[in-house]
Structures are given as C-alpha cells and as structure tokens.
Participant: 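Can you read through this structure? Questions will come right after.
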2 protein chains.
Amino acid sequence: MVVRQAPAADRDTSAHLNWRMKPNLPQIKNLSIREQTLDTLREAILTGELKPGHSLIEMDLSRQLGVSRAPIREALRILNSEGLIETIPYHGTTVRRLTRTDIEEIYSMRSLLESFAVEQVIRARNPEHLQRLRDIVEDMIMAGRDNNINTVNILDRDFHDALIEMSGHSLLLSMWQTVAMKARQVMALVNRRNTDLTQIARNHLPLLDAMDQGDIPKAIELLRAHIASAGDLVAEDWQRDSAALDEET
Amino acid sequence: MVVRQAPAADRDTSAHLNWRMKPNLPQIKNLSIREQTLDTLREAILTGELKPGHSLIEMDLSRQLGVSRAPIREALRILNSEGLIETIPYHGTTVRRLTRTDIEEIYSMRSLLESFAVEQVIRARNPEHLQRLRDIVEDMIMAGRDNNINTVNILDRDFHDALIEMSGHSLLLSMWQTVAMKARQVMALVNRRNTDLTQIARNHLPLLDAMDQGDIPKAIELLRAHIASAGDLVAEDWQRDSAALDEET
DNA sequence: ATCTCTGCGATTGTCTACAATCTACAGACG
DNA sequence: CGTCTGTAGATTGTAGACAATCGCAGAGAT
C-alpha cells in the first residue's frame, strides 16, 4: 500500500514521447491517495473483508495506510454517499448494516434496471451485442464444467454489466453500478449453498434466445424470473446465517 | 444518498429528558460546515444560480464562505459523486455540463422509476395514499388558477416525491432523489414556454383515477405519457436556448 | 518560422495541529 | 437511592501551511 507518487514523465503521452514508443509498457497509475484509499476500502467492503457494523476510525486508517486523515475523510464521504458506510457526527463511522429488506430491495432494483436495459438492447437489434453476450455465456458454461466458481461469478457479472452497457444509457449505467455494488457485497457475505454451476450458466440461454427473436415481453419475463430466483436464494441464505454477519467492534 | 444526519438533540430520546418536556422550542441546528457548504452549493446548482461550466475554485469558495478548504473539499467530493460537478485533478472543478442526451436520460429514468413506484402503490391498496395524492393535486389546481407558478412547481414535486415514498422502497427513493435532483436542475435552466398551469395540474387526475380503479397497466401508461410529454417539452426548450446555458469563466 | 524547453502562476492534493462534540462514568446533592 | 452535573477520553470537525501538478507563455535553439 502507500504507493508513492509516480514521476510525472511516466504519464506524459505528448507526441514526442509517443514517437515509436514500444507498447505494452504497463500503464503507470498515479492515483491520488484519496482514490487509492477509496478503492481499497470499497473493495474491502464489497469482498466482505470489512463486515457490516465494522467500525472505521479515521485515525486507525490513517496509521494503517500511512497517510494523513484528510484524504481518508474525503474517501469516507464518497463511500457514505454511495451508501456503503454510515457516519454519526463526532461519534464514528461504520460499515452499513444490511437487513433482509435491503437485500430484497437490491434485487428488485436490479430487476427493474436490467429489464429496462434488455428492452433497449432488443430494440437496438445489434447482432454484435447478442454475439458478445453469447460468448460470455459460453465461457461461463465452460467455467461451470470446470467447477471454477470464481470465474463463473466474474463472467456472470460481466454478462449483466455488458447488458447494461449495451443500452447506451449512461445514467442507467451509473445507477446500475451503485446497485450492482451492493449486490456484490451481499453475495460476498452469504455462504452460498452449493448449486449446480453449469445450471446457473445455462439459465442465461433462454434469455438470449428470446432476445434473438426480439420477443421483449418474454425476455423481460425470463430476466425477472432469473434475478428473482437468484435474489430469493440469497435472501434465504442470508436469513440462515445472518447471526454471524454483524461484526462487533 | 443525501441522507442527512439529524442534529444531536433530535436523536436523543432518553426517558429522563422527555419527561414533561415543553415542546415548541425551535430546534437548534448544528450542521457541520461541510453540510452547510454542501446544501448551499447543491441548492445553487439546482436553482441554476451556478450554471453548467461554472468553475468552482476551492480557495474562492473558502474566502466567500469564510471557512477553510477542508470542509469545502469534502462537500465537493459529495457533489461529485452525486454527478453535479466534475473535477479534473490539479486543474479545477466545474459544474457538470448537460447535453440533450443527458436530459433524455433523466426523463426516461424518471419514467422508469416512477412507473415502478406506481405499481407498488396500487398493489398496496392504501386509501390514505390515494387521498394524499388527491389533496396535493387539488392544491395544485388551485395554485394553477391563481397562476402561481412557483407553488405549482413545488406541489408537482411533492406529488411525485410522495408517489415514490409511498412505495416504501428506500433504495428506490435514494435513486429517485438523484434523478429528481438532476431534473430539477434542468427545469431551472430552461426558459419554459408558458403553458396552461391549470392544465398541468389537471393532467394528474386521470392517473389518480386509474390508480383508484387498480388498473396498473393504464396507470403506468398514463404516467409514462405524462412524464414523456414533460420531458419532450423541456428537451425542446433546451434545444432552443442551449446556447445561453454554458457559462464561461 | 518552428520547435523545444524552462520557469511561473494557478489550482488541487496532503499534512499537522488544534477545536468541538459525543458517550460513559464517577461523584455531588437532594 | 435516584437524579443531576461535570470531567475524561475518544472521535470527528476545522484550520492553515506546505507540496505536487498542470497549462501556458515566453526564451532560446534549430
């Protein structure tokens, strides 16, 4: 951590430097401490490393990350407005606790946003879009055969992200990102019962067929069912082991 | 998003203090400078006082408001994640510029969120909800008769806010607030052509009737049309006088 | 004339110290 | 014994100074 600032020259892409520049030099990132802190904390929350209820003390973070409180505070403000943490003035900051209602809301919102997106994508009738989605699902099925749960999850996210992006609706995309973030957090927090990975992947196929046929109502119906069943499973698991989820500190 | 902290006194409900407490003392506000700055700037942006493209210099704001840069920076981070401003590192912060596409997206998103809400509200079948909405519309019609454009606008906002709140979906509410905020900004920026205020108010009545009858598809259809026509009008006006909207600085 | 480099002013990014506020607990007071 | 009061410790809120970076103008080289 505490990646020190990179020299300016590395980021410079003005013409005289690009002249015959050999490619594939790894892009040097010069993110502000605020951004690094933000990314680090957000990732920790989304992966469940920082559990709901966990207390975030600015001074502790400051020491752990080896930076001052100012950029940390700015990062916390952002996380706060993203709804991942809560701050009580002069008292403390904690990772937002989740209720079963929160989870139901997250999935119902996913459903709403995605069905809107799928309608837009179908109307656009862009064959490349459908092909791209098919490719992702195929990879997903293969990863499912290999029982590679991590890859399946990533590809599943890719699929739904791609669907939203294809709608070409930037406001939708930004709201989606908020919701998808929360969904990711929830998924990381529940101990999912083993399910047939291949089956999860295959579940996407009927949706693709409906999209191929341009059948909007059917596609929306399939998508809704797909998300609802995923949401129900997660909500059940949540109920089951919700006792272990709040962290005292 | 934009969940404001309640002042300490509001949160204190311990028994010994509530015992025979005389009411009606004006609540003492102790908002942090960050919150005050946030509210001030956000309001200025939403009312069009700060126009798209206007440059926000931390040092200037600091002098104008008579506070240090730290709380201002935190407020700016929040406005940034709300999508109202944009910051280029080491260069400057400006009020986000709006394109016609932005406006179309704002209204299509409003449409999506509100039709979801109206479905939930109809399903809940709560007569008080419908009565509350009717009351608002009645006031709106009266304000329309008086040609009181400001009151009509406020009541129109109240109506749609109420609709969302009644859905009881807190995540929906938070996304709605983001979108409604942007819509408010857009409305403040266009010089709306005079329209019949009474007519605007009356336009809400068919929707209420459909809700009364529990006719979900019809209600959604009416709502969609209502919002779409509003959006089209605004988009037209935008096109017309978009030249005057960007502020140089 | 054109290109390159260097220094300058403006602006944001970060650090440190100090102030304000909250909670909890101990002790005074009836 | 219960109620109020005040103090201590922890935590967030704010201030002011300094560092880093960017864009640009202008000097100098070709």
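Reminder, nothing fancy here: chain letters follow the sequence lines and each chain counts from 1. Everything numeric in this text was worked out from a predicted model, so none of it was measured.
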Participant: Reckon R73(A) touches a base, only the sugar-phosphate, or nothing at all at heavy-atom distances under 4.0 Å?
Facilitator: base
Participant: Whole angstroms only, please: what is the CG-P distance between N80(B) and dT12(C)?
Facilitator: 12 Å
Participant: When all nucleic acid strands are considered with a 4.0 Å heavy-atom cut-off, which category describes I72(B): base, sugar-phosphate, or nothing?
Facilitator: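 I72(B): no heavy atom of the nucleic acid under 4.0 Å.
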Participant: Less than 4.0 angstrom between a side-chain N/O of R77(A) and OP1 or OP2 of dT12(D), yes or no?
Facilitator: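 No.
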Participant: Using a cut-off of under 3.5 Å, enumerate the N/O to N/O pairs linking the protein to nucleotides 15-18 of chain D.
Facilitator:
{"residue": "dA15(D)", "atom": "OP2", "partner": "S68(B)", "partner atom": "N", "Å": "2.7"}
{"residue": "dA15(D)", "atom": "OP2", "partner": "S68(B)", "partner atom": "OG", "Å": "3.0"}

Participant: Using atom CG of L56(A) as one end and atom P of dT11(D) as the other, report the distance to the nearest whole Å.
Facilitator: 12 Å
Participant: Quick one: does S62(B)'s side chain have a donor or acceptor within less than 3.5 Å of a partner on V67(B)'s backbone?
Facilitator: yes
Participant: So do the side chains of M109(B) and K182(B) get within less than 4.5 Å of each other, counting heavy atoms only?
Facilitator: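 The answer is no; the side chains never approach within 4.5 Å.
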Participant: Looking only at side chains, do T93(B) and E58(B) share a donor and an acceptor under 3.5 Å apart?
Facilitator: no
Participant: Answer with base, sugar-phosphate or nothing: what part of the nucleic acid does L76(A) contact at a heavy-atom distance below 4.0 Å?
Facilitator: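 Nothing: the residue L76(A), judged by heavy atoms under 4.0 Å, touches no strand.
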Participant: Check whether T47(A) reaches the backbone of E43(A) with its side chain - one donor and one acceptor, N or O, closer than 3.5 Å.
Facilitator: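 Side chain of T47(A) to backbone of E43(A): a pair is present.
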Participant: Under 3.5 Å, which N/O atoms of the protein pair with N/O atoms of nucleotides 7-10 of chain C?
Facilitator:
none

Participant: Can you tell me how far C1' of dG13(C) sits from CG of L65(A), to the nearest Å?
Facilitator: 16 Å
Participant: May I ask you to check whether T94(B) and S55(B) show a side-chain donor-acceptor distance below 3.5 Å?
Facilitator: no
Participant: Take the protein atom CD of E86(B) and the nucleotide atom C1' of dT11(C), then report the distance between them rounded to whole Å.
Facilitator: 17 Å
Participant: Answer yes or no: is there a side-chain heavy-atom contact under 4.5 Å between L98(B) and K51(B)?
Facilitator: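 When only atoms from C-beta onward are counted, K51(B) and L98(B) do not touch, as no gap falls below 4.5 Å.
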Participant: Measure the distance from CD on E35(B) to C1' on dA20(C) and round it to the nearest whole Å.
Facilitator: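 In whole Å, dA20(C) C1' lies 16 Å from E35(B) CD.
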Participant: Would you list the pairs meeting ring pair (Phe, Tyr, Trp, His ring centres under 6.0 Å) in which at least one residue belongs to residues 165-191 of chain B, sequence neighbours left out?
Facilitator: F116(B)-H169(B)
Participant: Consider only side-chain N and O atoms of D60(B) and Q64(B), and report whether a donor and an acceptor are under 3.5 Å apart.
Facilitator: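 No.
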Participant: What is the separation between atom CD on E74(B) and atom P on dG13(D), rounded to the nearest whole Å?
Facilitator: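 That distance rounds to 7 Å.
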Participant: Any donor and acceptor pair, going by atom type alone, linking the side chain of E114(A) with main-chain N or O of L163(A) inside 3.5 Å?
Facilitator: no
